[in-house]
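Some notes on the structure that comes next.
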Amino acid sequence: MKLINLSKKGDMYSVKAQTSFKLFGFNVSHTVQEFVRPFSEDNWYDLEGRKVSEKKAHILDKWLRDHQRFIE
């Protein structure tokens, strides 16, 4: 995953990330996904309201910690 945009929208954080799918070392396709995290919760959700995996949540939390001082 690559970070595209991290912002603060109302009462939640929003992250846009690009996910690449590789096959035999070659990039097959790219998708742009958006994830949100309400201030009152510690969980990340995709735009359909599903909770993200622990691996993605760990990456999103790291990005938020690294960039939070710039968006506050």
Side-chain angles (χ1 to χ4, degrees):
M1 283 191 350
K2 291 183 181 180
L3 177 65
I4 295 175
N5 186 11
L6 179 74
S7 62
K8 186 173 156 182
K9 294 181 180 177
D11 63 339
M12 64 180 62
Y13 294 109
S14 174
V15 174
K16 283 188 183 178
Q18 180 182 16
T19 306
S20 301
F21 297 101
K22 291 186 178 186
L23 182 64
F24 301 115
F26 296 104
N27 287 333
V28 177
S29 68
H30 301 282
T31 59
V32 176
Q33 297 177 316
E34 189 168 352
F35 305 99
V36 294
R37 180 181 151 206
F39 293 151
S40 61
E41 297 184 32
D42 290 334
N43 299 321
W44 287 93
Y45 299 97
D46 61 6
L47 288 182
E48 296 174 359
R50 293 181 297 205
K51 200 184 226 186
V52 300
S53 67
E54 289 183 27
K55 183 178 178 181
K56 282 186 182 179
H58 180 71
I59 293 169
L60 294 168
D61 285 335
K62 182 183 180 309
W63 286 345
L64 180 61
R65 271 182 283 146
D66 292 346
H67 296 89
Q68 191 169 17
R69 61 183 166 184
F70 299 114
I71 61 173
E72 292 291 328

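Values reported hereafter were calculated over all heavy atoms of this structure, with side chains retained and with hydrogens, waters and symmetry mates removed. None of the values given here were measured: they were computed from a predicted structure.
One finds the CZ atom of F35 at 4.0 Å from the CD atom of Q33 (value rounded to the nearest 0.5 Å). How far CG of L3 is from CD of Q18: 11.0 Å, rounded to the nearest 0.5 Å. Rounding to the nearest 0.5 Å gives a distance of 5.5 Å between NZ of K2 and OG of S20. Atoms CG and NE2, from L6 and H67 in turn, are 7.0 Å apart once rounded to the nearest 0.5 Å.
In terms of heavy atoms, I71 sits closest to K8 at O-CD, 4.1 Å.
Listed by first then second residue, pairs satisfying ring pair (Phe, Tyr, Trp, His ring centres under 6.0 Å) with a partner in residues 6-29 read Y13-F39, not counting sequence neighbours.
A salt bridge links R37 to D42: at least one charged side-chain nitrogen sits closer than 4.0 Å to a carboxylate oxygen. Comment: E34 engages K9 in a salt bridge, judged by a side-chain N to carboxylate O separation of less than 4.0 angstrom.
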| Derivation of the side-chain contact (heavy atoms from CB on, under 4.5 Å) call for V36 and L47 | CA-CA 7 Å; V36 294; L47 288 182; 4.3 Å; yes
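Using a 4.5 Å heavy-atom cutoff, the side chains of V15 and N5 are not in contact.
Looking at N27, its side chain never comes within 3.5 Å of a backbone N or O of S29 through a donor-acceptor pair.
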Would you list the atom pairs, donor with acceptor, under 3.5 Å between side chains in residues 52-64 and any protein atom, with sequence neighbours excluded?
unit_1 : atom_1 : unit_2 : atom_2 : d
S53    : OG     : K56    : N      : 3.4
D61    : OD1    : W44    : NE1    : 2.7
K62    : NZ     : D66    : OD2    : 2.9

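Hydrophobic clustering (side-chain heavy atoms under 4.5 Å, transitive across Ile, Leu, Val, Met, Phe, Trp, Tyr) groups Y45 together with M12.
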